[in-house]
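Okay, structure first, notes after.
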Amino acid sequence: MKIATWNVNSVKARADHVERYLSEAKPDVLCLQELKCVDENFPAERYEALGYNCAVHGQKTYNGVAILSRFPLEDVTRGLPGDSKDEQARYIEAVISTDDGVVRVGSIYLPNGNPTPGEKYDYKLKWMARLKAHAAKLLALEEPLVLCGDYNVIPGPDDVWDAKAWADDALYLPETRAAFRAIEYLGFTSAIEATQSEPHLYTFWDYQRGAWQKDHGIRIDHLMLSPQAADRLSQSGIDKATRGWERPSDHVPVWCELSA
DNA sequence: ATGACCTGTTTAACAGGA
């Protein structure tokens with residue numbers, strides 16, 4: 001079972017790219033972030049025509065997340081639990097039923113948090129605390145679980161082209177990385193870290209300053225696996241080629257394969 | 001050269017991203 005995640009930076013601008021990726025990479029599940037559209041404008045018909053079911057949690061202009069699956073989607077949760085007043089569409093979760101059993105999947109668009117310090121950084125840390133609390137509840141279910149998406153966290157110095165250049169950024173501050181580790185240490189395995197050995201693998205390259213051409217990237221998109229999912233992890237990958245497509249997203253897809 | 005982008009919306013500059 002192949003599970004992929006991709007921040008598309010507007011699903012309207014990237015509708016063709018998503019269709020091409022589904023056709024070529026053939027993931028069983030594709031989590032999307034930064035749709036930047038309301039539910040009614042999500043191009044579900046195009047992906048249903050390719051055999052995918054769609055669960056969407058959209059928002060006008062900003063944020064927006066979705067889960068596409070070749071298998072049925074059940075028990076869909078829209079919005080991260082823990083704050084009923086939070087109106088930002090940054091989390092959707094569903095249970096995927098396959099012939100080999102169920103896998104619970106969450107599509108995450110964690111807040112950026114810049115500038116620091118400030119309200120936006122406070123919101124990021126509070127959101128991460130809520131994610132930790134929710135993740136702990138899900139782990140207690142003791143089932144295959146993949147919480148994947150744009151975490152907006154650079155885990156360590158080997159996950160950025162120049163750590164010094166990011167030292168004061170909300171994606172790399174010690175408090176950000178500590179909050180990420182606190183989630184990871186609940187018992188998650190990072191798919192890329194468990195199956196790739198070389199450092200400096202990136203999932204995002206800024207549109208500015210020729211970052212892609214100079215390979216000035218960062219690794220901020222992650223697939224975090226529960227023990228029951230990690231037991232089945234066979235391989236993972238980062239589909240860099242999409243960054244070279246015409247009018248690309250600044251993020252590329254990241255995926256993992258769970259054996260039966 | 002301490003420069004250089006992209007998207008949606010309010011359609012001309014903004015906000016927000018990372």
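By convention in this document, chain letters (A, B, ...) are assigned in the order of the sequence lines, proteins followed by strands, and residues within each chain are numbered from 1. Side chains are part of it too, since the values below use all heavy atoms of this structure and drop only hydrogens, waters and symmetry mates.
Protein atom CD of A:Gln59 is 12 Å distant from nucleotide atom P of B:dT9, rounded to whole Å. Computed from coordinates, the A:Lys214 NZ to B:dA1 P distance equals 13 Å when rounded to whole Å. In this structure, A:His17 atom NE2 and B:dC6 atom P are separated by 13 Å, rounded to whole Å. Between the CG atom of A:Leu35 and the P atom of B:dT9 there is a distance of 13 Å, rounded to whole Å.
Nucleotides B:dT7 and B:dA18, compared at atom P, are 14 Å apart to the nearest Å. Spacing between B:dT11 and B:dA15 at atom P, rounded to whole Å, works out to 15 Å. One P atom belongs to B:dT10, the other to B:dC14, and the distance between them is 16 Å to the nearest Å. B:dG8 and B:dA4 have their C1' atoms separated by 22 Å, with the value rounded to a whole Å.
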Would you mind writing out the side-chain donor-acceptor pairs for residues 185-192 of chain A within the sub-3.5 Å range, not counting sequence neighbours?
none

Going by atom type alone, with no hydrogens or angles, which donor-acceptor pairs under 3.5 Å involve a side-chain atom of residues 232-244 of chain A and a protein atom two or more places apart or on another chain?
residue	atom	partner	partner atom	Å
A:Arg232	NE	A:Ser259	O	2.7
A:Arg232	NH2	A:Ser259	O	3.4
A:Ser234	OG	A:Glu257	O	3.2
A:Ser236	OG	A:Thr195	OG1	2.5
A:Ser236	OG	A:Gln196	NE2	3.2
A:Asp239	OD1	A:Trp255	NE1	3.3
A:Asp239	OD2	A:Tyr21	OH	2.5
A:Asp239	OD2	A:Trp255	NE1	3.4
A:Thr242	OG1	A:Asp239	O	3.2
A:Arg243	NE	A:Trp205	O	3.3
A:Arg243	NH2	A:Trp205	O	2.8
A:Arg243	NH2	A:Asp206	O	3.2

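Pairs passing the salt bridge (Lys or Arg N to Asp or Glu O under 4.0 Å) check and including a residue from residues 148-162 of chain A, sequence neighbours excluded, read A:Asp159-A:Arg219. Each salt bridge (Lys or Arg N to Asp or Glu O under 4.0 Å) pair with one or both residues in residues 97-114 of chain A, not counting sequence neighbours, appears once here: A:Glu93-A:Arg104, A:Arg104-A:Glu143.
For A:Arg78, there are no salt bridge (charged side-chain N to carboxylate O under 4.0 Å, His left out) partners two or more places apart in sequence or in a different chain.
Using a 4.0 Å cut-off between charged nitrogen and carboxylate oxygen, A:Asp28 and A:Arg70 count as a salt-bridge pair.
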Check: protein-nucleotides 15-18 of chain B nitrogen or oxygen pairs below 3.5 Å:
residue	atom	partner	partner atom	Å
B:dA18	OP1	A:Asn7	ND2	3.4
B:dA18	OP1	A:Glu34	OE1	2.9
B:dA18	OP1	A:Tyr109	OH	3.4
B:dA18	OP1	A:Asp150	OD2	3.3
B:dA18	OP2	A:Tyr109	OH	3.0
B:dA18	OP2	A:Asn152	ND2	3.0
B:dA18	N9	A:Asn112	ND2	3.2
B:dA18	N7	A:Asn112	ND2	2.8

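Between A:Arg14 and B:dC6 there is no side-chain N or O to OP1 or OP2 distance below 4.0 Å.
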